[in-house]
Visitor: 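Shown below is the structure under consideration.
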Protein chains: 2
Amino acid sequence: MQLDDRKYLILQAIIDDYITTAMPVGSRTISRKSGVGYSPATIRNEMSDLEELGYLAQPHTSAGRIPSNKAYRLYVDHLIKTVKLNPDERERIHEHLVDKSRRVEGVIRSAADVLSDATKYTSVIVAPKLGTLRIKHVQLVPVAEKTALMIIVTNAGIVKDAMIRVPEGLDADDLYSISRVLTQNLADKPLEAVRQAFAEMLRDAADHRRLLGEALQVIEQKLESEDQSDIIIGGSANLLGYPEYSDVNKARSFLAVLESKDTIRKVLSRNGGMEITIRIGPENQVPALNDCSIVTASYRVGDHSNGTLGIIGPTRMNYNRVISVLDFMGRALSDVLSEYK
Amino acid sequence: MQLDDRKYLILQAIIDDYITTAMPVGSRTISRKSGVGYSPATIRNEMSDLEELGYLAQPHTSAGRIPSNKAYRLYVDHLIKTVKLNPDERERIHEHLVDKSRRVEGVIRSAADVLSDATKYTSVIVAPKLGTLRIKHVQLVPVAEKTALMIIVTNAGIVKDAMIRVPEGLDADDLYSISRVLTQNLADKPLEAVRQAFAEMLRDAADHRRLLGEALQVIEQKLESEDQSDIIIGGSANLLGYPEYSDVNKARSFLAVLESKDTIRKVLSRNGGMEITIRIGPENQVPALNDCSIVTASYRVGDHSNGTLGIIGPTRMNYNRVISVLDFMGRALSDVLSEYK
DNA sequence: CGTTAGCACTCGTCAGTGTTGAGTGCTAAC
DNA sequence: GTTAGCACTCAACACTGACGAGTGCTAACG
């Protein structure tokens, strides 16, 4: 059996209705809808077909139908008609972003808030991976006897820092000049080149071998590892407003997932370029999120490095709106952050 | 009517029981308890008295009694017998803290996790207020044409940074030497002295008046304002495990409060020195948290500046354990963080 | 032959009802 | 002063029947 136009129409109507009401939708409801000119009986026949094809499911006899994950997949692939955000909203979003743009992390945080606010779902933003950034400046600052704080500034204005041990007897001025050398040698180098540059430096400046060794180790670790603070979550309480989470246990396990940044990172794993990626239900690999959908987009900082922004919500999600918002937000974020470049 | 020893004993037994079960406790339950050698009937008479005195309440006739806020207050003030954490646990906590002690914010974050893990409630930690810290180092780093990143390192190893505009025509070396001057002039100065020092600098170096002006403004703002990232929350999902939050709406409003850092800050407002502060139910001023108790302690960094750590849970909270954990944690945190000094 | 009206059937929801058991307050006896 | 006994209260629970939303099937209609 194939899907003809009428089946598409009816399926779409069912999904649209279910997205807003979260209640199984019956034939009469669809029949009454404008744009569908058939009687409930006809609709019922079609619904029966759609169920056989795996697009609909019935929670129990004598209940209406609800869309299956397969239906959502079809919906986002073919049936969706992307709407543009209205100008007011665009304006508002942009304002919120630029407003606090003193600092990259601040921007990202408020972006998460705006996202979850605009969609009423939970938003997640992953900061650009350090490895894809370039070093702009390295600075050692003495904080204690044999301890210094190493500060790494990248081309996106993102700052990373770590404590390192330094040999005894180095005063602030020494660290100052070492920083200078480090910066000169590492500036604008991508990750691959850092190790190379260090090798050269080690040859030239044998007297600070231990310090440099530790510094290299810390830089590499920082560049590669992604640490917790790189993930920002907004509106985690939002999902509790939806009936699918009125069961406290479901809600709790959902929130527990949000607290484990590792899982979140896994879920948001790369999606190329500017496009929108949609994972419906079990399509994302985390069992605890199997009745969630995850929509992600990406944003750019500078030319290469990019981060991910996404929305997590029930499979019954307003895909239309979420896609619009994410798309717009991705661009806006890229704009704002690339100013620093 | 006065509280005699037997009333104390019974009240304590009731609270102990209610804390663990969350169910109204009846006379028979108490009577069976070891240490209480009276029949249910006697207990009933005493309970009746305690109710009249406002220490107990009955959800409805023919239900057991539950402790009132007044009872909890009495409990924490007089009846509590602080227990020491067992050595294993102390050891474990310390390990977790020291383990990741490369960076102040990392320590604080893992402290929050340990806290909520050890208590099964929600934990909140406020980083030391910047105003109480001393500046250790100031560094300007060029990031774009007319933009620089100003990095402020404090004596606790806490790093703050902000974008500032710089006059055209300043290259990295210029910023370098300005940073040097800034550091020399501001190092080890507390907040009050910063403005004064700036005034002097402005007199000496008239040519960079605008840059210095902006820098001062940013520093002052950073020192005074407390920004969102200063508050770390752990185990926000923990509370959902308790029956008092099995109502999704309650849970949601609780989580909403956690997301508004301003409210949290208000709730955790200062409590002098090392002591433990307990606010039961309406004693904290936030209506949304009126059926929560909040227990806070503080930790020190260096000599003056201190931060707050706290636990938020249902009024029916295991005060004994929470107090022990907070007390130990406050000390441990002070130890770990003061190493940087 | 596609569409629709009619009808019997299913099943979740809701209100009403009786039973059970935990717990109380009171009284009288120890 | 303490306790046993008893009548009373009331939430929780299971059961019931009425109701209604919704379905599938069949027969009639254009």
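Every chain is numbered from 1 and lettered A, B, ... according to where its sequence line falls, protein lines coming before strand lines.
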Visitor: Atom OH of A/Tyr38 and atom C1' of D/dC29: how far apart are they, to the nearest Å?
Guide: 18 Å
Visitor: CD1 of B/Ile30 versus C1' of D/dT3: gap in Å, rounded?
Guide: 18 Å
Visitor: Filter on ring pair (Phe, Tyr, Trp, His ring centres under 6.0 Å), then keep only pairs touching residues 14-66 of chain B, sequence neighbours left out; what's left?
Guide: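 Every candidate ring pair (Phe, Tyr, Trp, His ring centres under 6.0 Å) pair involving residues 14-66 of chain B fails, so no pair, neighbours aside, qualifies.
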Visitor: May I ask you to test the B/Leu326-B/Leu115 pair for a side-chain heavy-atom distance under 4.5 Å?
Guide: yes
Visitor: Does DNA chain C take part in any stems of at least 3 consecutive Watson-Crick or G-U pairs (both distances under 3.5 Å), and if so, which ones?
Guide: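 For DNA chain C the paired stretches long enough to count as stems (3 pairs minimum) are C:1-30 with D:1-30.
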Visitor: Show every salt bridge (charged side-chain N to carboxylate O under 4.0 Å, His left out) that has at least one partner inside residues 10-29 of chain B, sequence neighbours left out.
Guide: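 Listed by first then second residue: nothing to list.
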Visitor: Whole angstrom is fine here: how far is it from NE2 in A/His60 over to P in C/dT10?
Guide: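 My rounded result for the distance is 15 Å.
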Visitor: For A/Met23 and D/dG20, what is the distance between atoms CE and P respectively, to the nearest whole Å?
Guide: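 That distance rounds to 16 Å.
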Visitor: Could you tell me which residues satisfy side-chain hydrogen bond (donor to acceptor under 3.5 Å, both in side chains) with A/Glu91, sequence neighbours excluded, listed by chain and number?
Guide: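 For A/Glu91 there are no side-chain hydrogen bond (donor to acceptor under 3.5 Å, both in side chains) partners, ignoring immediate neighbours.
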Visitor: Which residues pass the side-chain hydrogen bond (donor to acceptor under 3.5 Å, both in side chains) test with B/Ser246, not counting sequence neighbours?
Guide: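 Scan of B/Ser246 (side-chain hydrogen bond (donor to acceptor under 3.5 Å, both in side chains), adjacent residues dropped) gives none.
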Visitor: Sorted by first residue and then second, give each side chain to side chain donor-acceptor pair (under 3.5 Å) pair with at least one member in residues 234-245 of chain A; sequence neighbours left out.
Guide: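 Listed by first then second residue: A/Ser236-B/Glu259, A/Glu244-A/Arg316.
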Visitor: Partners of A/Gln285 by side-chain hydrogen bond (donor to acceptor under 3.5 Å, both in side chains), sequence neighbours excluded?
Guide: none
Visitor: Kindly indicate whether the side chain of A/Thr263, heavy atoms from C-beta on, has any atom under 4.5 Å from the side chain of A/Leu289.
Guide: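 Not in contact.
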Visitor: Could you list the residues that satisfy side-chain hydrogen bond (donor to acceptor under 3.5 Å, both in side chains) with A/Ser62, not counting sequence neighbours?
Guide: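 side-chain hydrogen bond (donor to acceptor under 3.5 Å, both in side chains) check on A/Ser62 returns nothing, list empty.
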Visitor: Can you list, by residue number, the residues of residues 11-22 of chain B that have a non-hydrogen atom closer than 4.0 angstrom to DNA chain D?
Guide: none
Visitor: Output every pair passing salt bridge (charged side-chain N to carboxylate O under 4.0 Å, His left out) with a member in residues 64-74 of chain A, not counting sequence neighbours, ordered by first then second residue.
Guide: A/Glu51-A/Arg65, A/Arg73-A/Asp77, A/Arg73-A/Glu283
Visitor: Which residue pairs pass the salt bridge (charged side-chain N to carboxylate O under 4.0 Å, His left out) test when at least one of the two sits in residues 31-41 of chain B, sequence neighbours left out?
Guide: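 Salt bridge (charged side-chain N to carboxylate O under 4.0 Å, His left out) check on residues 31-41 of chain B returns no pairs.
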Visitor: Scan nucleotides 23-30 of chain C nucleotide by nucleotide, 5' to 3', and note B when protein non-hydrogen atoms come under 4.0 Å of the base, S if they reach only the sugar-phosphate, - if neither.
Guide: BBB-----
Visitor: In whole Å, I'd like the distance from the CD1 atom of B/Ile43 to the P atom of D/dA4.
Guide: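 Answer to the nearest Å: 12 Å.
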